[in-house]
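Taking it in order: structure first as structure tokens, then the write-up.
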Amino acid sequence: MRQAVPVLVVAWLLVFPCATVHSQNARSHSGDMQNSGTLTKTTQLPGGMQDGELLAKAMNLPDNITFWSDHPSDVLARALVERMTNEELFAQMFMFGWAGAEPEQLLYDWVDRGLGSVKVFGWNTDDIHLVAHAIASLQRAASRTRFQIPLFVATDQEGGWIRHVKGETSITPGNMAIGASGFPVDAWYSGFYISREIKALGINMNFAPSVDLFTNHSSTIIGPRSFGDNPQHVGVLGAAFSAGSIAAGVIPTAKHFPGHGDTENDSHIHLPEINIDEKTFATRELVPFEILVNQKVPAIMSGHLSFPQIDSSGAPASLSKYFLTDLLRGKLGYDGLIITDDMMMNGDTLYAGSLTNAFRLAVEAGNDIVISSTTARMAEPLWVNNLRLMQTDSAFYERVKDAAYRVIKAKLDYFKSENAAPLYPNPNTISQFIPDKDGEKFFFEQACRSITVHKRGAFPLPAHSAGRVLLAGSMQRFFTEGRRRFSGAGEFRFPMEPNSEELQTARSSIVASASSYDTVVCLVSNWQTARIARMLQGSGKRVVIFSIMSPEESLDFTWADSVLMGYSWSAYTLDALFGALAGEYTPRGVLPFKE
């Protein structure tokens, strides 16, 4: 049974007319829309007399309260914060991950100390049953602490290219495919089905959607993670994705504030500098986040990104009080959680000078949760020195206390709702939920709605018109789907990311391999495979290009007979590409950006 979609999604489509596809499949998903789950609000710590009243109520609670005590969430959160030690307060701000198949003892030691959150990174998730077991074990450890505060458990499951929880989870068409179809309902269902899968594992927070604009087409860090380059459309699709996530029971996190789209640089390696003026910043980068703030998105991730014309200090937004406190909280009125990107990235530490200083600046800037992909040792300065600062700097102490309140209040609102992820997922039942059976049908339909005919030659091209067909590509599913439409097709294989020797071998042999064929269907996923495909220019063959991932490399293939954009290497996308080529349906996707 499919979840009903809020009527608000339909209103978005009318107010913000993205490129739309009027297929029967699209109508089947949009026709059952009803009022459904709404975005939750995380309340700011009250001030003035109201704060005094809250404090008075909090102090009147019994001495033996825990997280699960039956009191209003704002009163209980305040009471817990007032009774916590400095270590417990500061630990609520931390989010650590683990590198092996299962968490090491050090992470459990942090949970015993009051760790607030953990993150599931992509290097430990091939066995999703082990993931579920680890999450249940960590939550049980949290339940044995003094206040029994459960953990936020997060991951990056954006869809498409970014899929940190692997195993049997769905590889979806991704954000740019959603932008190409143009339907907010596609964004809603993507968020819903992605979240429903990870929720079954006990994951309750997702670092998605990415609402970075596809401004710099040469970016290798954003690319198809973006919905497109129109700020309003991106904001609408991001808000719809977030609403679907919440309906499924997972907290979405919009990222990377205030926008990673206008740079080729990767903040994992160095600090990107985006040198745009205030007008461009306000009318472009900020627009998607303003839409999400207005829709009460519960969490936003701050990016390690410098905008020197906006904050002359050159500080990354993740460490900038101007960006997070003055702009995001003050001007935009945001009252949800603010979460850093991974602090183990060079984008923040190069500016701060040290990891310890970076953590301090992140707290002072206004972040509520600070992520580290590496679990800190108990004696590390980032913990010890900043814990000592809480004792000597009252402003720093109050900022930590405010962050702890926000985290605990958000946890109370979430975990005491009727739709929270299980604290103790059962590994034995995982296969009932992953992959999501309804999601599998939807993602194929959505892939079909996204396919874009960038150049139309002899298209569609059914088997009886194609002659002898050569399939040139790098993925087994590509060959499987190709032979299903073109039986007896030949194969020319090359790696998806060939090294220099492999690239040279493929480029020198593809034309000869194609000599006895009439049609070549060539898969292009990056600049290396684009160089292989370009060898077919002037070969006298009918060349059909299937562009997956970022479409930038295939935009100038004017010499090819036909060019189809798919935006993803998912099995759903490859099936949809061959289905379109064979004439099984009419593709109506539109490039979600200006060339």
Side-chain angles (χ1 to χ4, degrees), residues 12-22 158 160-161 173-184 186-187 209-241 256 258-265 272 274-292 305 307 446 449-456 524-527 530 545-560 562-568 573 577 587-595:
W12 280 335
L13 184 55
L14 296 174
V15 176
F16 301 107
C18 306
T20 57
V21 183
H22 304 290
E158 297 177 16
W161 173 29
N175 285 357
M176 189 163 283
I178 295 170
S181 76
F183 278 119
D186 279 343
S210 170
V211 291
D212 305 296
L213 301 174
F214 190 59
T215 305
N216 188 315
H217 296 182
S218 299
S219 172
T220 58
I221 191 63
I222 299 300
R225 299 168 68 185
S226 173
F227 290 111
D229 67 355
N230 183 300
Q232 285 190 322
H233 293 175
V234 169
V236 167
L237 296 175
F241 186 104
H256 306 80
H260 205 312
D262 194 17
T263 177
E264 297 179 34
N265 296 327
I274 301 174
N275 200 18
I276 57 174
D277 59 30
E278 290 188 11
K279 181 179 178 181
T280 303
F281 179 75
T283 58
R284 193 180 70 182
E285 265 68 13
L286 277 190
V287 171
F289 289 99
E290 286 182 295
I291 292 172
L292 283 152
L305 307 158
F307 293 79
Q446 195 260 309
R449 287 191 286 277
S450 73
I451 301 304
T452 305
V453 180
H454 184 59
K455 185 186 179 200
R456 183 184 298 271
V524 173
S525 57
N526 50 36
W527 68 268
I545 299 295
F546 281 1
S547 172
I548 60 173
M549 302 298 285
S550 179
E552 177 67 16
E553 298 296 339
S554 300
L555 292 175
D556 64 347
F557 277 27
T558 55
W559 53 267
S562 297
V563 179
L564 277 70
M565 303 295 186
Y567 313 104
S568 169
T573 299
L577 281 165
R588 303 183 186 277
V590 177
L591 281 178
F593 57 89
K594 295 177 182 177
E595 294 186 54

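For the pair Ile221/Asp212, no side-chain contact is recorded, criterion being any heavy-atom separation below 4.5 Å from C-beta on. Inter-residue side-chain proximity for Phe593 and Met176 is flagged as met; some heavy-atom pair is nearer than 4.5 Å. Annotation: side chain of Lys455 is not in contact with side chain of Phe557 (no heavy-atom distance under 4.5 Å). Contact of the Asp229 side chain with the Pro592 side chain is not registered, since no non-hydrogen atoms from C-beta on lie closer than 4.5 Å. Looking at heavy atoms from C-beta onward, Met549 lies out of side-chain contact with Asn526 at the 4.5 angstrom threshold.
Atom OG of Ser226 and atom CD of Glu158 lie 10.5 Å apart (nearest 0.5 Å). Note that the CD1 atom of Ile291 and the CG atom of Leu286 stand 11.5 Å from one another [nearest 0.5 Å]. Taking OH from Tyr567 and CG from Leu577, the interatomic distance works out to 10.0 Å, rounded to the nearest 0.5 Å. The CZ atom of Arg284 sits 15.0 Å away from the CD atom of Gln232 when rounded to the nearest 0.5 Å. Annotation: the span from Met565 atom CE to Ser450 atom OG amounts to 12.0 Å, rounded to 0.5 Å. Distance check: Asp186 CG to Gln446 CD gives 4.5 Å after rounding to the nearest 0.5 Å.
Contact record, Val453 with Pro587: CG2-CG, 3.5 Å, taken as the closest heavy-atom pair. Of all non-hydrogen atoms in Pro173 and Ser568, the two that sit nearest each other are O-CB, 3.0 Å. Shortest non-hydrogen contact noted between Ala180 and Thr452 is CB-OG1, 3.9 Å. The heavy-atom pair separating Phe241 from Pro209 by the smallest distance is CD2-CB, 3.8 Å. Here the closest non-hydrogen pair linking Leu213 and Pro288 is CD2-CG, 4.0 Å. Nearest heavy-atom pair, Ile545 versus Ala560, reported as atom, atom and distance to 0.1 Å: CG1-CB, 3.9 Å.
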Leu555 and Leu591: CA distance, side-chain angles, deciding distance, side-chain contact (heavy atoms from CB on, under 4.5 Å) verdict:
CA-CA 10 Å; Leu555 292 175; Leu591 281 178; 4.0 Å; yes

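Ser181 places a side-chain N or O within donor-acceptor distance of the main-chain N or O of Ile178, the cut-off being under 3.5 Å.
Ring geometry for His256 against His260 counts as perpendicular: the plane angle is over 60°, on a 0 to 90° scale with 30° as the lower cut.
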